[in-house]
Amino acid sequence: MKANLTTQDSNPLIDKRINFVGDAVADIRDGATILIGGFGEAGSPIELVHALLDQGARNLTVVSNNAGNGHVGLAALIEARRVARMVCSFPRSSNSVVFDEQFKAGEIELELVPQGTLAERIRAGGAGIPAFYTRTSAGTPLQEGKEVRDFAGRPHVLETAIRGDVALVKAERADRWGNLAYNKTARNFGPIMCMAADQAIVQVRRLVELGDIDPEHVITPSIFVGRVVEVPDPADETTLINQGIKRVPQ
Amino acid sequence: MKANLTTQDSNPLIDKRINFVGDAVADIRDGATILIGGFGEAGSPIELVHALLDQGARNLTVVSNNAGNGHVGLAALIEARRVARMVCSFPRSSNSVVFDEQFKAGEIELELVPQGTLAERIRAGGAGIPAFYTRTSAGTPLQEGKEVRDFAGRPHVLETAIRGDVALVKAERADRWGNLAYNKTARNFGPIMCMAADQAIVQVRRLVELGDIDPEHVITPSIFVGRVVEVPDPADETTLINQGIKRVPQ
Amino acid sequence: MSAEGWTPDEIARRVAADIPDGSFVNLGIGRPEAVANFIPEGKELVFHSENGLLGMGPSPAANAIDLELINAGKKPVTTVPGAAFFHQADSFAMIRGGHIDVCVMGALQVSSRGDLANWSTGAPGAIPAVGGAMDLSVGAKAIFVLMTHTTKDGQPKLVEDITFPATSRGVVSRVYTELAVINIDTDGFVLRESAPGLAFGDLQARTGAPIRRP
Amino acid sequence: MSAEGWTPDEIARRVAADIPDGSFVNLGIGRPEAVANFIPEGKELVFHSENGLLGMGPSPAANAIDLELINAGKKPVTTVPGAAFFHQADSFAMIRGGHIDVCVMGALQVSSRGDLANWSTGAPGAIPAVGGAMDLSVGAKAIFVLMTHTTKDGQPKLVEDITFPATSRGVVSRVYTELAVINIDTDGFVLRESAPGLAFGDLQARTGAPIRRP
């Protein structure tokens, strides 16, 4: 049987708002698995990642579509040697110098996952599905070590769920319950990463009143979100990189 | 390799609008598998179901959460002996007289599926996932005949995708590409059934101009929809049943 | 309390008091629905309805009914500020994925191992219907059962082994009846509270498996 | 045409002409992106970008760039009326679920069985990166490959068996190069069209497996 809940009350109202990004990531532990949203720089929660960099947790597994650019955001986290293992679909980019170096030196582990399989594994983690079959990667080197089974006469690969201890996500708006709306293609991995983490921590451009997000337009329902913190004017990676910024722990 | 597409053009513009419900369902064939949206009467595409009743296709497999009420909608389709097999989670209701009678007489087949497994199997059908594992129904009579495998020390049941030849769905608004928005809890099975059918046929309260549905608020993207037909003032089951209506083929 | 123990309202109030503040809660169809009427002042719970709504509010006024805004029992409801609509696969992702804190369900039988039977009597010829019961009972973080302590003819519903078809195995954490509140741990039933004036021996006599006193 | 056959623009125009009207299309990163510039007047295609957009429009004016509205190549784009945004799992449900009519991809090699290699040269020490290539190539209803006919040093890229790591097996329907448009059926390569002035023998000589003439 499942755990009995205590009847001890916490706050009189559900309020997931946190004032500072530093407080929002304060309890992330060494060895944690962190899901980091974003496709390229769209949806990348840079301020939360920098707060994690300053917080100091090490030996992290990071699940993110890419492996960072320049020397900011995820790349800065990798550069500070906080990341032991990356799970991603496309670590290489024109500006992924930090990951490239550590990977070539054998200093960081990589699990390469096709982008759609990565997305589906994360969704499965959020939806209580431990494993599923997909045609993707059948007959390729990426099926190695995985069970292959035929459905409708075609080989399919068994893929397992991905869950995170924490998700770091960027959205557009949030209310105190944690309902989220996103901006354009910055939505990408946010909704499924919020589902798949024990603690989803979300930076938003704007906190709004409960009820301000139309129930028809909520993209991530409050139940999937643990903490929201307002970052009204988030940095964008391109600008930081063009400015030659090299973010180090502070 | 996959089929080569012909280069023959159809219409100069993508236009999925159909004028009459009868035309929208005209090509449904005997023996087809039909996914019918709705949870109870919310989201039930009554006008499309009545059009299918009038159209005459028989020996249908119907996938729907419930098995109809009174003598209208799905119940009328069953009463006219068009349905050989029901796949649903909750066929019984206070007013499910028609299904009850045929089931007790052994005249209609039933595959009972837990509601969440039904939803996930339909989504899997739409997402190209042939099968997945779930804890739901493990250790119960509904796991019979299914593969059971342990994940994290707990038994899970292998469930396979459900696809339909056709989906009949009710939504609130559509544009000519087939983008959809829904009304409140009438959303229920609509989005996943549109994904999982070769031909998703949707009745909407209102056709709108392309671009009128904000890209952030589209619930079912156009790619999943085949035909849309405007039914500005759809009947509701409760009213029809209270009026004692017994819908027969016309 | 009456001679038969707590009234249904008293039980519902007790469940409502026990649900931790801030919980996301699913109330099963039927008697569990009454729990929503007894949320203590100042406690904020978010109600989930598996047909696709989080932030469910009370029944609407008769002139404000929208037949497309209903709960899992197919009755008209309302939304509260902070509500969200979503489709069935997302709704059951919440359930199966372990995001619902507490689900309160009715039951035919609960075993001392936490097995739950609440979807079918297995009677031949009956029309089977399961709905979301199996998904909710495996998925919610805590399953509270709210039921009568015995059947109408006095048979225990808290049993050593369920005899009705299982809904899920090893999932129930606590049972609320008119006679007692009983926790289930790895060793079986544990008394949490019994109705005033009820002797422990009487409670045990109406229960199909041993109850430990904490 | 030049001495080397069709120009890249001519090839892109040819692909654009061949995509059926009303198709939902995904254009791979790099050369396939140019296909969008050559859609014939009056033909309506809907472009899918796997990072979460259907109804992708052209590049924005410099003063209208939104860094959160980008394509799979991470370049700023726009939306057209009828566009929709969605998350990654939904985007790849479209792809894996067979909802994309045509995907145009680049390639390192294509075999006469339709096997595709386009994600890795397998060179030791290279950083592997796959993105959505495997998902798109198994999922889209038709895979058109747009590539040079041979490598820079003249080796055939249309081959009997791929020697680079596979992206997917048996998926390519048609290949567009500067020299020819070649279909792939169950018996291998079939010539659809060759560049003006190119002798069949010359085409065959630059191709790593037999080409049949229809």
Side-chain angles (χ1 to χ4, degrees), chain A residues 1-16 120 122-130 132 161-164 173-181 191-200 208-226 228, chain C residues 17-24 40-46 48 53-55 79-86 89-102 110-116 135 137-144 169-174 183-186 188 190 192:
Chain A
M1 71 296 323
K2 304 177 186 197
N4 263 298
L5 297 174
T6 68
T7 57
Q8 192 186 318
D9 283 0
S10 43
N11 294 316
L13 286 174
I14 301 171
D15 192 348
K16 298 175 178 171
E120 192 67 11
I122 295 168
R123 180 196 174 272
I129 301 294
F132 60 89
I162 291 175
R163 281 194 59 85
R173 286 175 297 150
D175 60 33
R176 67 172 169 86
W177 280 11
N179 287 300
L180 304 180
I192 53 175
M193 286 186 169
C194 286
M195 290 171 68
D198 292 344
Q199 179 68 273
V208 299
E209 290 301 310
L210 201 63
D212 278 3
I213 308 178
D214 186 323
E216 301 280 9
H217 303 157
V218 169
I219 302 302
T220 293
S222 56
I223 196 168
F224 295 127
V225 174
V228 294
Chain C
D18 285 354
I19 297 174
D21 194 12
S23 293
F24 289 79
E41 194 67 33
K43 178 182 274 192
E44 193 172 35
L45 303 179
V46 181
H48 175 266
L53 168 59
L54 198 62
T79 58
V80 298
F85 298 112
F86 34 81
D90 282 349
S91 185
F92 280 87
M94 292 178 191
I95 292 170
R96 198 189 310 99
H99 305 281
I100 305 285
D101 294 305
V102 180
V110 175
S111 85
S112 56
R113 277 191 293 274
D115 293 353
L116 172 68
D135 310 281
S137 54
V138 298
K141 285 183 202 155
I143 301 295
F144 290 178
R169 302 282 179 181
V171 297
V172 179
S173 343
R174 191 181 290 165
N183 285 337
I184 302 177
D185 68 15
T186 45
V190 185
R192 180 181 159 92

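All heavy atoms count here, side chains included; hydrogens, waters and symmetry mates do not. Not measured: the values here are computed from a predicted model. Reminder, nothing fancy here: chain letters follow the sequence lines and each chain counts from 1.
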Atom pair CZ/CZ of Phe224(A) and Phe24(C) - distance to nearest 0.5 Å: 10.0 Å
Closest approach of Pro81(C) to Trp177(A) (non-hydrogen atoms, all atoms of both residues): O-CH2, 3.6 Å
Side chain to side chain contact (heavy atoms under 4.5 Å, CB included) evaluation trace for Ile223(A) with Ile100(C): CA-CA 8 Å; Ile223(A) 196 168; Ile100(C) 305 285; 3.8 Å; yes
Nearest heavy-atom neighbours spanning Met195(A) and His99(C): O-CE1, 2.9 Å
Arg96(C) (side chain) donor-acceptor with Ala127(A) (main chain) under 3.5 angstrom: yes
Residues in residues 210-217 of chain A that sit under 4.5 Å from chain C, counting heavy atoms only: Leu210(A), Gly211(A), Pro215(A), Glu216(A)
Which of Val218(A), Asp175(A), Ile219(A) touches chain C most, by non-hydrogen pairs under 4.5 Å: Val218(A)
Closest heavy-atom pair and its distance - Val46(C), Ile14(A): CG2-CD1, 3.5 Å
Spacing of NE2 belonging to His48(C) relative to OG belonging to Ser222(A), to within rounding of 0.5 Å: 10.0 Å
